[in-house]
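What you see is a predicted model, and the numbers here were worked out from it, not measured in a lab. What you see below is based on every heavy atom in this structure, not just the backbone, and it leaves out hydrogens, waters and symmetry mates. Residues: numbered from 1 along the sequence shown.
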Amino acid sequence: LVQNNRQAFFWMQKAATQGHAGAQYQLGVMYAKGQCVSQDGGQAFAWVQKAAAQGNAPAQYQLGMAYAEGYYVGRNDKQAVLWFQKAAEHCLVPAQYNLGWMYENGRGVGRDEEQAAVWYQKAAEQGDVRAQHNLGMLYVQGRGVAQDKEQATFWLQQAAEQGYAKSREQLERQKP
């Protein structure tokens with residue numbers, strides 16, 4: 001098959017304007033990356049926002065990232081948390097990790113290490129290396145969870161086995 005970018009954009013736009021959430025999200029990505037069309041942050045944000053409002057989890061996550069980082073819109077941590085929460089409830093791993101991070105750092109919500117541990121746990125169980133490391137560190141320090149050397153070692157080991165250097169370093173520090 002020969003890729004025809006103009007035709008791909010035409011059909012994606014047609015589906016998006018008819019309300020297809022997946023197409024709206026993909027059209028937003030196309031505008032954000034300048035694929036098949038000139039890069040346009042305003043259009044990217046608008047299409048992703050439409051998809052997110054319809055419950056498209058990847059769009060909800062991207063909207064959370066836009067608000068968290070100030071892409072195409074002013075930074076708004078409360079909105080970031082709201083959209084990460086929606087995507088996390090759809091089991092989207094990066095959203096679960098970011099929601100945990102927002103709770104751990106008190107961005108957009110009151111600092112709540114117990115909630116951070118809950119969301120890190122969900123992402124860690126699905127293999128997210130950063131969540132595994134952060135959850136391990138919560139267990140090391142007894143923040144949001146009871147201090148537990150076995151749990152700390154387990155989660156840090158999971159991350160280390162995926163090549164996460166910070167976890168390997170922490171495991172080395174924990175050796176007697």
Side-chain angles (χ1 to χ4, degrees), residues 21-30 32-33 35 44 47-49 51-71 75-176:
Q24 291 170 339
Y25 171 66
Q26 288 302 322
L27 193 60
V29 169
M30 292 170 118
K33 293 182 176 180
Q35 294 174 327
W47 285 111
V48 168
Q49 193 172 34
Q54 289 193 67
N56 181 283
Q60 291 169 334
Y61 169 71
Q62 289 300 327
L63 204 53
M65 288 301 296
Y67 281 114
E69 302 296 331
Y71 299 139
R75 186 173 138 185
N76 183 328
D77 289 341
K78 287 183 180 185
Q79 282 294 307
V81 167
L82 176 117
W83 291 106
F84 285 150
Q85 179 84 40
K86 290 176 184 288
E89 289 170 358
H90 288 286
C91 298
L92 197 65
V93 176
Q96 292 171 335
Y97 166 78
N98 281 329
L99 189 55
W101 190 91
M102 298 294 271
Y103 275 110
E104 183 179 11
N105 292 283
R107 273 191 54 190
V109 289
R111 188 174 180 165
D112 186 338
E113 291 170 333
E114 288 179 22
Q115 277 298 302
V118 166
W119 290 106
Y120 283 153
Q121 178 91 33
K122 290 176 185 293
E125 288 174 351
Q126 296 179 75
D128 186 278
V129 69
R130 299 167 306 163
Q132 291 168 341
H133 175 79
N134 289 5
L135 183 59
M137 292 307 297
L138 290 178
Y139 278 112
V140 165
Q141 299 161 356
R143 293 186 302 116
V145 292
Q147 195 170 24
D148 186 329
K149 185 178 179 180
E150 285 182 28
Q151 283 294 307
T153 300
F154 174 79
W155 288 112
L156 291 168
Q157 187 66 43
Q158 295 295 307
E161 287 173 5
Q162 292 189 66
Y164 202 66
K166 288 181 180 180
S167 292
R168 279 196 304 265
E169 293 164 9
Q170 179 62 35
L171 287 167
E172 284 297 317
R173 281 193 294 274
Q174 287 181 204
K175 285 186 178 175

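- Scanning all heavy atoms of the two residues, the minimum distance from Met102 to Val109 falls at O-CG2, 3.9 Å.
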- [ ] Report the C-alpha distance between Trp83 and Tyr61 in whole Å, list the side-chain angles of each, state the deciding distance to 0.1 Å, and finish with yes or no for side chain to side chain contact (heavy atoms under 4.5 Å, CB included).
- [x] CA-CA 6 Å; Trp83 291 106; Tyr61 169 71; over 6 Å; no
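- When only modelled atom types and interatomic distance are considered, Tyr25 and Asn56 share no side-chain donor-acceptor pair under 3.5 Å.
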TODO: In sequence, state the C-alpha distance, the side-chain angles, and the governing distance for Glu150 and Phe154, and then conclude on side chain to side chain contact (heavy atoms under 4.5 Å, CB included).
DONE: CA-CA 6 Å; Glu150 285 182 28; Phe154 174 79; over 6 Å; no
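- Interatomic distance, CD of Gln121 versus CD of Gln151, reported as 7.0 Å (0.5 Å rounding).
- Summarising the geometry of Ala68 relative to Ala80, their closest heavy-atom pair is N-CB, 3.6 Å, with the distance given to 0.1 Å.
- Of all the heavy atoms in Gly144 and Ala117, the pair that sits closest is O-CB, 4.3 Å.
- Looking at every heavy atom in both residues, Ala44 comes nearest to Gly28 through CB-O, 3.3 Å.
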Open item on the list: Run the side chain to side chain contact (heavy atoms under 4.5 Å, CB included) test on Asp77 and Arg75 for me, step by step, so that the C-alpha distance in whole Å, both residues' side-chain angles and the decisive distance to 0.1 Å come before the verdict.
Closed with: CA-CA 6 Å; Asp77 289 341; Arg75 186 173 138 185; 3.1 Å; yes
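- A 4.5 Å side-chain heavy-atom check between Met137 and Lys166 finds every atom pair outside the cut-off.
- When every heavy atom of Gln24 is checked against every heavy atom of Trp47, the shortest pair comes out as O-CB, 3.3 Å.
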TODO: Would you sort out whether Tyr67 and Lys78 count as a side chain to side chain contact (heavy atoms under 4.5 Å, CB included), showing the intermediate values?
DONE: CA-CA 8 Å; Tyr67 281 114; Lys78 287 183 180 185; over 6 Å; no
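- In this structure, the side chains of Cys91 and Gln96 come closer than 4.5 Å at one or more pairs of heavy atoms.
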TODO: Check step by step if side chain to side chain donor-acceptor pair (under 3.5 Å) holds for Asn134 and Tyr120.
DONE: CA-CA 7 Å; Asn134 289 5; Tyr120 283 153; 3.1 Å; yes
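- Side chain of Gln62 to main chain of Val29: no donor-acceptor pair is present (N/O by atom type, distance under 3.5 Å, no hydrogens or angles).
- Here Arg173 contributes atom CZ and Arg168 contributes atom CZ; the two are 12.5 Å apart, rounded to the nearest 0.5 Å.
- In this structure, CG on Leu92 lies 8.5 Å from CD on Gln60, to the nearest 0.5 angstrom.
- In this structure, the side chain of Gln132 engages the main chain of Ala124 through a donor-acceptor pair within 3.5 Å.
- Checking each of Leu156, Thr153, Asp148 against Tyr139 for a side-chain contact (heavy atoms from CB on, under 4.5 Å) leaves exactly one that passes, namely Asp148.
- Of the inter-residue distances, the one linking Glu104 atom CD with Trp119 atom CH2 reads 15.5 Å to the nearest 0.5 angstrom.
- Pairs of residues two or more places apart, or lying in two chains, never qualify as salt bridge (Lys or Arg N to Asp or Glu O under 4.0 Å) while including a residue from residues 80-95.
- With contacts defined as side-chain heavy-atom distances shorter than 4.5 Å, the pair Lys122/Val118 qualifies.
- The two residues Ala21 and Ala51 make their nearest non-hydrogen contact at O-CB, 3.3 Å.
- To the nearest 0.5 angstrom, Gln35 atom CD is 11.0 Å from Leu27 atom CG.
- Of the inter-residue distances, the one linking Phe84 atom CZ with Asn98 atom CG reads 4.0 Å to the nearest 0.5 angstrom.
- By the neighbour-count criterion of 12 heavy atoms within 6.0 Å, atom CD of Glu114 is sparsely surrounded, having that number or fewer from other residues, nucleotides or ligands.
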